[in-house]
Amino acid sequence: TSLLLMAGIVVAVGLCRRLTRRQLRAHPRLCTFLLEMFSTFQICACTNELCLLGSAEPKPHTGLTLTYGFTVLHGLTLPGSTCNPCGTLQPMWGGGTSVKMGGLKIGAQFVAAVLARVFMHFLWKLEMAEPHFGALSQGCSNPMQTTEMQAFCIELLFSVVFQLTVLRVESINPKYRVHLIALLITMLVYAGGNLTGAIFNPALAFSLHPNCFYDKFWSYSLVYWIAPSLGKFLIFYVF
């Protein structure tokens with residue numbers, strides 16, 4: 001049921017993106033906002049559901065396989081979208097994208113993060129699948145299973161590795177590039193998922209753990225917002 005639900009989200013987002021491109025060509029800013037919002041919504045909604053399946057047996061093979069499969073699916077179905085505020089910062093800082101357009105995309109990403117969380121909470125209330133039972137009572141699931149400084153360093157390192165890899169594989173055929181990036185993300189999740197969640201995406205982190213940001217805003221913003229952003233700027237200056 002969970003897999004069908006995520007597949008339905010992917011299909012619905014694909015239809016919304018196609019309709020947006022057809023109907024809003026004359027309104028580029030609104031079109032850009034909606035495309036980025038729909039794309040980020042897909043990633044946040046599916047990842048929320050994947051987190052519930054992470055404990056499925058056999059562990060961790062099931063969770064890692066689903067992570068790889070859906071990362072490939074996202075890469076193939078969401079071309080042209082960054083879905084990550086850190087990915088939007090690079091063209092803004094380099095002058096390839098105006099500050100207004102970059103801010104519009106980042107705003108769309110966080111709006112999508114909130115909408116995805118609300119949408120998934122609504123579906124979890126229906127208890128359509130076994131993993132949904134008790135999902136709403138978790139509150140802050142506390143993804144940080146280590147010290148704040150170690151979590152900061154892990155997310156910073158993962159962000160640097162991820163962003164550097166994305167830059168290095170830009171010239172590869174997109175059909176192969178999406179598999180390389182998916183493999184990298186799966187490896188990072190395997191290496192640090194039990195310590196910080198290996199998120200390195202501020203919008204996705206806010207969608208997955210909003211209650212944690214309410215309870216410990218400064219700690220979680222340092223680890224899941226500032227660390228990935230700092231990693232992006234390090235890559236930009238060094239490479």
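Everything quoted here is computed from the prediction, not taken from an experiment.
- Under the 4.5 Å side-chain heavy-atom criterion for grouping Ile, Leu, Val, Met, Phe, Trp and Tyr, L89 is connected to V99 within one hydrophobic cluster.
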Step-by-step side-chain contact (heavy atoms from CB on, under 4.5 Å) determination, F119 to L123: CA-CA 6 Å; F119 177 72; L123 292 181; 3.4 Å; yes
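- For the ring-ring contact (aromatic ring centres under 6.0 Å, His included) criterion with Y220, the lone passing option out of W218, Y224, F217 is Y224.
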Could you walk me through whether M6 and L50 pass side-chain contact (heavy atoms from CB on, under 4.5 Å), step by step? CA-CA 9 Å; M6 289 186 284; L50 281 176; 3.9 Å; yes
Show the atom names and distances, to 0.1 Å, of all donor-acceptor pairs under 3.5 Å that link a side chain in residues 100-111 to residues at least two apart or in another chain.
unit_1: Q109; atom_1: NE2; unit_2: E36; atom_2: OE2; d: 2.9
unit_1: Q109; atom_1: NE2; unit_2: T82; atom_2: OG1; d: 3.1
unit_1: Q109; atom_1: NE2; unit_2: T88; atom_2: OG1; d: 3.1

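- To the nearest 0.5 angstrom, C212 atom SG is 11.0 Å from F206 atom CZ.
- Linking Ile, Leu, Val, Met, Phe, Trp and Tyr residues whenever their side-chain heavy atoms come within less than 4.5 Å places F122 and F38 in a single cluster.
- The two atoms that bring I9 and C46 nearest to each other are CG2-SG, 4.3 Å, heavy atoms only.
- A distance-only check finds no donor-acceptor pair linking the side chain of S207 to the backbone of A203 [under 3.5 Å].
- Partners of L222 by side-chain contact (heavy atoms from CB on, under 4.5 Å), not counting sequence neighbours, listed by chain and number: E148, F152, I226.
- Counting heavy atoms from C-beta on, the side chains of C51 and L208 come closer than 4.5 Å.
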Pair T77, Q42 - check side-chain contact (heavy atoms from CB on, under 4.5 Å), show working. CA-CA 10 Å; T77 58; Q42 174 178 313; 3.2 Å; yes
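- With a 4.5 Å cut-off on side-chain heavy atoms, P79 and P174 do not count as touching.
- Within the 3.5 Å criterion, the main-chain N or O of F200 finds a donor-acceptor partner in the side chain of N84.
- Annotation: side-chain contact (heavy atoms from CB on, under 4.5 Å) contacts of A112 (sequence neighbours excluded): M37, T40, F41.
- No single ILVMFWY cluster, assembled from side-chain heavy atoms under 4.5 Å apart, contains both I235 and V166.
- Between P85 and N201 there is a side-chain heavy-atom pair separated by less than 4.5 Å.
- Scanning both residues, S159 and G231, for their nearest heavy atoms gives OG-CA, 4.0 Å.
- With a 4.5 Å cut-off on side-chain heavy atoms, L5 and M120 count as touching.
- Residues forming a ring pair (Phe, Tyr, Trp, His ring centres under 6.0 Å) with Y214 (at least two apart in sequence, or on another chain): none.
- Proximity of R17 to S81: side-chain heavy atoms (C-beta onward) are separated by under 4.5 Å at one or more points.
- Contact record, L204 with C44: CD1-CA, 3.9 Å, taken as the closest heavy-atom pair.
- In this structure the side chain of T47 never reaches within 4.5 angstrom of the side chain of I199, judged on heavy atoms.
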Using a 3.5 Å cut-off and no angle test, enumerate the donor-acceptor pairs between side-chain atoms of residues 184-197 and protein atoms at least two apart in sequence or in another chain.
unit_1: T186; atom_1: OG1; unit_2: A182; atom_2: O; d: 2.8
unit_1: T196; atom_1: OG1; unit_2: E155; atom_2: OE2; d: 2.7
unit_1: T196; atom_1: OG1; unit_2: A198; atom_2: N; d: 3.2

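- Considering every non-hydrogen atom in both C86 and K232, the closest pair reads O-CE, 3.1 Å.
- Hydrophobic clustering (side-chain heavy atoms under 4.5 Å, transitive across Ile, Leu, Val, Met, Phe, Trp, Tyr) keeps L4 apart from L66.
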Under 3.5 Å, which donor-acceptor pairs do the side chains of residues 25-33 form with other protein atoms, sequence neighbours left out?
unit_1: R25; atom_1: NE; unit_2: R21; atom_2: O; d: 3.3
unit_1: T32; atom_1: OG1; unit_2: P28; atom_2: O; d: 2.8

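- Annotation for M144 and V223: closest pair SD-CG2, 3.6 Å, computed over non-hydrogen atoms.
- Note: H209 NE2 to R117 CZ = 8.0 Å, rounded to the nearest 0.5 Å.
- The hydrophobic clustering, which links ILVMFWY residues whose side-chain heavy atoms are closer than 4.5 Å, places V178 and V169 apart.
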